[in-house]
Amino acid sequence: MKKEKTIDLKWVLKSIPSLLLTAILLLSVFSSFEGVINGYVLGKITSIDFNNLNEVLIFGLGIFLAYLVTYTSAYLFLVCKQLAIKHLNTKLKSELFKYQLKDISTDTTESLNLLTNISSQIEQRYFEPIFYLVQCFITIISTAIVVLGTNLYLGSIYILMSFISMVPSYLSRNKLSGSTKDWSNKNNKLISIIKEITSGKLEINKYSVMPAFLNIFDKKLRSEEGAYYQLNHARFTAQYYTWIGAVLSSVFPIIIGLICIAKGWLGVKIGTVVTLSLTADHVLGGIRELTNYYTQITGTKKIRKIEYYELSSEEKEVQSISTPEKSFIELKDVVAGYGDKTVISNLNLNIAKLDKVIITGPSGVGKSTILSLISGQLKARKGQVLLEGSPIKLSDSILISQKPWYFVGTVKDNLTLYQNYDIETLNKVLELVHLDKELGEDPLSFVINDNLSGGQLQRLTIARGLLRQRSILLLDEITSSLDKTNARKIRQLIYNLPITVIEVAHNLDEDLIEKGNIKVLEFDGQRLHAR
Ligand SMILES: Nc1ncnc2c1ncn2[C@@H]1O[C@H](COP(=O)(O)OP(=O)(O)OP(=O)(O)O)[C@@H](O)[C@H]1O
């Protein structure tokens, strides 16, 4: 099921503790005086009585405290902002990782790109600007009060004209957003090719085909760098138009002010124009910065939209459908495929409880696709995949592939996945998969670190599933990377397990098939025939 999560203002506000948010707002107010404090102090100096030393000293102390409060607030604002960003980054990365884990269709490259590049882009171009935008907004209000207090009419003209500078960034936001997404896609492709080449460097060197791969790498690199250049070019162009807007918005009010002086209108004096031009610059500057931050924020719209495909909730109550008594796993008129391609059409299959079934057939006909359907990884486009009459779930089966998953850690951790199980149960499953005697005196404490064979890892994965009492074991070509002896050993083990087994295989062990009463089904791409 396709889902979407957007990192937006509501998400940001919910992620920061309210006390910290209040502190940031208050500190923004106090630090906003930075823009007007010089003008205010210089203005006041003209009205001091220099014959009164007390008044001079009180004024001196007053301005010292005003500067101290303003700049201490500016410092504390930065500290609190960074603390808030720490909260946001932690939540963002942990949520992104969570979505990546839910989404079985994404690969490692996409996950890495999201957790590193995209999250740092969101930090720098969304989280940071939000705080500066708030600070700018408050600065604009406090300076606007001073400007309007100097001359209401001309001051209003200065402020209204400053909005011209917002137009270019508003117009360029879509272009910027598109360029950001384009760069992100190309960067994704570059990371992907780096991963592919580095993981295959042994083969590449063995067959002396490095130049061809370097050529592909160069092409992707050029494409990514080109997109990065286009992104920055779009940013600078937007910035240039913003500057032009800002120039127009500061020159027009000066001209109007000068006309007012010439005509003797609105009580404007040369001093008013000078004062307004000096202080109003901070309103303008604030608006210019505000539009800049606004441009950055809107430019991240596409990368803040996280799309993921989640399997439907496993806990959801499912409606039971009546099925023939013997049927355990049932595929009913199933249609399935990938993208535009249909691989399975109207397939029917019934497997009884504890059956041991091998599915064989030509390469590429869809045998693994049948396993993906039964494992719950792939959803049928039409028809039903049922377990005892209810839709099959991801958690109903154990799926073993050629390359079993493990992590560096003890056998116990790899079995329990940090859940609580008693030692006796753990030893029992190790015994079932014959791993109890191969890993030294204390097999549960054995540390796995690239030191187990493919077959041992497959058996460890089976034990992991047996521990969780899964009733179906799905095997996808597990013996293709094992030698004959090991392949036979693992099959003997599997065929004797008290659960339902479905194996996809090319190489069959006819001896075991006969002795174990194993059913062999041949898939020709259309139907499954008993051999
Ligand atoms: N994730 C995927 N995305 C797109 N197409 C896929 C995907 N997985 C498989 N296919 C395509 O579906 C078809 C069936 O693939 P599948 O792996 O099920 O066949 P198979 O019979 O198991 O093949 P083999 O015996 O070679 O492993 C193939 O044409 C394959 O290219």
Side-chain angles (χ1 to χ4, degrees), residues 1-2 100-111 113 185 188-189 192-193 195-196 199-200 203 307-312 329-349 351 356-385 392 394 397-405 454-455 458 461 472-482 484 487 490-491 494 500-510 513 518-531:
M1 200 190 311
K2 189 174 172 184
Q100 292 305 292
L101 292 181
K102 275 185 188 174
D103 185 351
I104 55 170
S105 69
T106 49
D107 64 8
T108 325
T109 312
E110 274 175 69
S111 302
N113 192 31
N185 285 339
N188 227 340
K189 285 184 184 151
S192 179
I193 202 77
K195 221 184 88 196
E196 279 167 23
S199 64
E203 296 278 301
E307 285 179 350
Y308 61 102
Y309 292 81
E310 193 182 24
L311 291 169
S312 51
I329 298 168
E330 191 178 10
L331 269 69
K332 272 184 163 178
D333 299 319
V334 170
V335 178
Y338 310 91
D340 298 335
K341 189 173 178 177
T342 300
V343 179
I344 307 280
S345 20
N346 298 318
L347 186 72
N348 288 289
L349 170 68
I351 293 175
K356 309 282 183 283
V357 177
I358 294 178
I359 300 177
T360 188
S363 179
V365 287
K367 301 182 297 294
S368 301
T369 305
I370 297 176
L371 273 199
S372 299
L373 282 162
I374 299 173
S375 86
Q377 270 172 293
L378 183 70
K379 291 287 160 202
R381 288 181 182 160
K382 278 192 198 152
Q384 291 169 312
V385 183
I392 214 158
L394 192 65
S397 57
I398 314 167
L399 177 69
I400 315 286
S401 59
Q402 279 181 41
K403 276 191 174 176
W405 173 70
Q458 285 171 339
T461 322
I472 309 166
L473 178 59
L474 305 171
L475 309 147
D476 197 358
E477 295 285 358
I478 58 158
T479 55
S480 57
S481 60
L482 301 180
K484 251 191 167 175
I490 196 154
R491 274 181 164 147
I494 288 160
T500 310
V501 175
I502 306 171
E503 182 186 1
V504 163
H506 280 122
N507 308 320
L508 308 182
D509 191 326
E510 298 295 348
I513 289 174
I518 314 290
K519 290 180 185 150
V520 180
L521 299 176
E522 270 185 45
F523 187 50
D524 58 8
Q526 300 288 321
R527 301 279 161 266
L528 282 155
H529 309 277
R531 198 181 60 165

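Order of appearance sets the numbers: ligands from 1, and atoms from 1 within every ligand.
With hydrogens left out, the protein atom closest to atom 25 (O) of ligand 1 is Lys367 NZ, 2.8 Å, a heavy atom. Given atom 27 (O) of ligand 1, the protein heavy atom at minimum distance is Ser368 OG, 4.0 Å. Protein heavy atom in closest approach to atom 31 (O) of ligand 1: Lys341 NZ, 3.7 Å. Residue, atom and distance of the protein heavy atom nearest to atom 14 (C) of ligand 1 are Gly364 O, 3.5 Å. The shortest contact between atom 19 (O) of ligand 1 and any protein heavy atom is with Gly366 N, 3.2 Å. From the protein, the heavy atom lying nearest to atom 26 (O) of ligand 1 is Ser363 OG, 2.6 Å. Nearest non-hydrogen protein atom to atom 9 (C) of ligand 1 is Tyr338 CE1, 3.4 Å.
With Leu528 as the partner, the side chain to side chain contact (heavy atoms under 4.5 Å, CB included) test is satisfied by one option alone out of Asn348, Leu349, Val357: Leu349. Tested against Lys367 for a side chain to side chain contact (heavy atoms under 4.5 Å, CB included), the candidates Ile370, Val365, Leu371 yield a single pass: Val365.
The atoms of ligand 1 that sit less than 4.0 Å from any heavy atom of His506 are 25 (O). Heavy-atom proximity to Thr369, at under 4.0 Å, picks out these atoms of ligand 1: 14 (C), 15 (O), 16 (P), 18 (O). Residue Val343 approaches ligand 1 through these ligand atoms, each under 4.0 Å from one of its heavy atoms: 12 (O), 13 (C), 14 (C).
With a 4.5 Å cut-off on side-chain heavy atoms, His506 and Glu477 count as touching. Residues Asn346 and Val335 are in side-chain contact: their nearest non-hydrogen atoms beyond the backbone lie under 4.5 Å apart.
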| request: Apply side chain to side chain contact (heavy atoms under 4.5 Å, CB included) to the pair Glu503 and Ile518, showing each step before the final yes or no. | output: CA-CA 10 Å; Glu503 182 186 1; Ile518 314 290; over 6 Å; no

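Glu522 CD to His529 NE2: the interatomic distance, rounded to the nearest 0.5 Å, is 8.0 Å.
Looking at Ser192, its side chain never comes within 3.5 Å of a backbone N or O of Asn188 through a donor-acceptor pair.
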